[in-house]
Amino acid sequence: MKDNGFNSLDLKQAVMRGIKEMGFVTPSPIQAQAIPLVLGGHDLIAQAQTGTGKTAAFSIPILNRLEKNGDIEALIITPTRELAMQISDEVFKLGKFLRIKTVCVYGGQSIRRQCELLDNKPQVLVATPGRLLDHLKNGRIANFEPKIVVLDESDEMLDMGFLDDVEEIFSYLPGSRQTLLFSATMPDQIKYLAQKILDRPKHVKITPANITNTDITQKCYVINEGHRDEAIIRLLDVLTPAKSIVFTSTKREADALCERLIQARYKSGALHGDMDQRARMDSIRAFKNGKINILVATDVAARGLDISDVSHVFNYHIPLNPESYVHRIGRTGRAGRKGMAITLITPLEFKEFKKIQDEVKHSLEIEELPSFDESHNQFVQKILKTKISDEAMGIYTDLIDKSDETNGILKLISFMLQMGLERKIGPTQKEIDKLKNQDKHRSSKERDYRGYGRYHRQEGYRGGRRR
Ligand code: ADP
Ligand code: MG
């Protein structure tokens, strides 16, 4: 009988229940390939992009092999505290019916507290390299002989400068262990490391082309340097993404753009390496629970994080290389959902971006940036759908009373208020067109200016006052 589900993998009943509880029906390609190899006791090098289900690819067979003999049986090493917590959470959920205990060990948390947790006899330890090495060097983990060791996000550990620590950690681990190395990319240093710590490994590779073509629509917009913020704002207004990540190339840019978006009342937060752990966790949590729906992030900070329902990814600049591009756009279209990836490029960046698109086997098509009218229209619609508070009402009516301005922005506001208050429905296309026609009396220069970011509109109005 043909079976595409997890049934054919011959897993324990309790593990199958955990998988069902997670809502997984069919193993992802990396899971289908990796799980039998891990169950068979092989060392493994597994290469697959972000969002392909690597966590469960090692967690499921690990859980299946646990004996609950009182030892720490599995060790999972991962580069950041956020990832450690995410993995520990997934292992815990999948292992719910096995009553598995997991402990997370990372820098920044009290050593005493961690030792107490370790005394609880967890079966699975999830750790970041620095703190783990610290515990090992100081002999704080008793009888530490994990039989399965996972290196998760290995390329990321390389990027963050953890490879020496990782190597040293292995000097404390038993030679008889089974070792699994997971990575999105395979730079030479990771290959060397693999030669040192793995024993006759099996290789599994899911190539990026499989992913990028299917679930993610890729678009690019040509803009001029200096117009990146404005372009992002227009696109946000027109596309109204449910949940988006904007990737910037520097921490500073991330802060600046985020600041600008917040000022313009977008629910946005930053995520980059200069923020302390707490601030980073706050951003991630807010993004996950919907308090914010735009995350402005740098590559390193966002790598590997599982935020499953991102609808749009924006590249504020073109990424440095195809790997990074694939990583970034892999934040959307996760686990079979549809997603959209949008890249802003300047004429200067065009050639470079073409190379990246060739690499990921996508044929580049340039889209036209939505016009001001288009994004403005969307903006009006959005306002009309918002309930206006009494306080705001007061301010607006006040403003209209005090002014003898009859054209332009005030008229627009009063129109919007009427719509919102009397009928609570959107205007007809005809009405919007009428408004836009009024707007055409303004000089084109002025209209251009007003097109950039809604919070400059006030200034545009002041400057363009006329009778
Ligand atoms: P990676 O580590 O490869 O970046 P994750 O392990 O974080 O990917 O998984 C990405 C998302 O896919 C998670 O939300 C996870 O719960 C989900 N997922 C994993 N495996 C499956 C599956 N077999 N079916 C459905 N969803 C899955
Ligand atoms: Mg992962």
Side-chain angles (χ1 to χ4, degrees), residues 3-9 11 15-36 38 44-63 76-96 126-128 150-160 180-186 190 204-208 210-212 214-216 243 245 284 287-288 299-311 313 323-324 326-339:
D3 176 24
N4 296 322
F6 285 93
N7 287 329
S8 56
L9 294 172
L11 298 162
V15 178
M16 287 300 284
R17 283 176 71 195
I19 293 171
K20 202 169 160 204
E21 183 93 350
M22 288 286 288
F24 299 172
V25 180
T26 315
S28 70
I30 189 80
Q31 288 162 4
Q33 292 187 41
I35 293 173
V38 181
L44 179 73
I45 297 180
Q47 185 184 351
Q49 296 309 313
T50 304
T52 50
K54 294 193 286 295
T55 316
F58 57 76
S59 303
I60 291 171
I62 285 177
L63 285 167
I76 301 163
I77 308 172
T78 193
T80 65
R81 164 176 146 162
E82 290 90 341
L83 283 170
M85 286 163 52
Q86 191 174 291
I87 292 168
S88 153
D89 202 47
E90 188 154 341
V91 172
F92 181 77
K93 282 186 190 147
L94 283 166
K96 185 172 152 193
V126 188
T128 56
V150 181
L151 273 190
D152 185 38
E153 308 276 349
S154 304
D155 51 353
E156 176 73 0
M157 296 214 250
L158 166 71
D159 287 352
M160 292 176 74
L180 318 174
L181 186 151
F182 284 79
S183 201
T185 59
M186 258 327 136
I190 298 293
V204 168
K205 184 175 175 181
I206 308 292
T207 51
N210 298 352
I211 306 161
T212 52
T214 50
D215 298 322
I216 306 169
K243 220 168 192 180
I245 303 182
I284 293 165
F287 192 58
K288 281 192 175 177
D299 277 320
V300 168
R303 180 92 65 89
L305 283 179
D306 174 37
I307 301 164
S308 46
D309 46 357
V310 175
S311 57
V313 164
E323 276 88 18
S324 165
V326 171
H327 265 305
R328 287 178 176 192
I329 74 170
R331 313 308 316 172
T332 183
R334 271 164 101 76
R337 292 189 185 85
K338 299 276 174 234

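Keep in mind that the numbers below use all heavy atoms, side chains included, and drop hydrogens, waters and symmetry copies. We number each residue from 1, following the sequence as shown. Each ligand, and each atom within it, is numbered from 1 in the order the structure gives. Worth saying up front: this structure is predicted, and the values here are computed from it rather than measured.
You'll find the side chain of Lys20 stays beyond 4.5 Å of the side chain of Phe6, heavy atoms only. Residues Leu151 and Leu180 have side chains not in contact (no heavy-atom distance under 4.5 Å, counting atoms from C-beta outward). At least one side-chain heavy atom of Asn7 sits less than 4.5 Å from a side-chain heavy atom of Met16.
At least one N or O atom of Lys54, backbone or side chain, sits closer than 3.5 Å to an N or O atom of ligand 1. Residue contacts with ligand 1: Met22 is placed with no nitrogen or oxygen under 3.5 Å of a nitrogen or oxygen of the ligand (distance criterion only). In terms of N/O distances under 3.5 Å, ligand 1 is approached by Thr26. Below 3.5 Å of separation, one finds an N or O of Thr52 facing an N or O of ligand 1.
Atoms of ligand 1 found under 4.0 Å from any heavy atom of Thr55, numbered from 1 in the order shown, are 2 (O), 5 (P), 6 (O), 7 (O). Close approach to Ser28 involves these atoms of ligand 1, each under 4.0 Å from a residue heavy atom: 23 (N).
In this structure, the side chain of Lys205 does not engage the main chain of Ala46 through any donor-acceptor pair within 3.5 Å. Under the 3.5 Å distance criterion, the side-chain polar atoms of Thr78 are left unmatched by any main-chain donor or acceptor of Thr128.
For atom 25 (C) of ligand 1, the nearest non-hydrogen atom from the set Phe182, Phe6, Phe24 comes from Phe24.
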For this session: Would you sort out whether Lys54 and Asp152 count as a salt bridge (Lys or Arg N to Asp or Glu O under 4.0 Å), showing the intermediate values?
Result: CA-CA 8 Å; Lys54 294 193 286 295; Asp152 185 38; over 6 Å; no
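Between the Mg ion (ligand 2) and the N, O or S atoms of Glu153, the shortest distance is to OE2.
Contacts between Ile30 and ligand 1 below 4.0 angstrom, taking non-hydrogen atoms only, are absent altogether.
Electrostatic pairing of Glu21 and Lys93 does not count as a salt bridge here, judged by no charged N lying under 4.0 Å from a carboxylate O.
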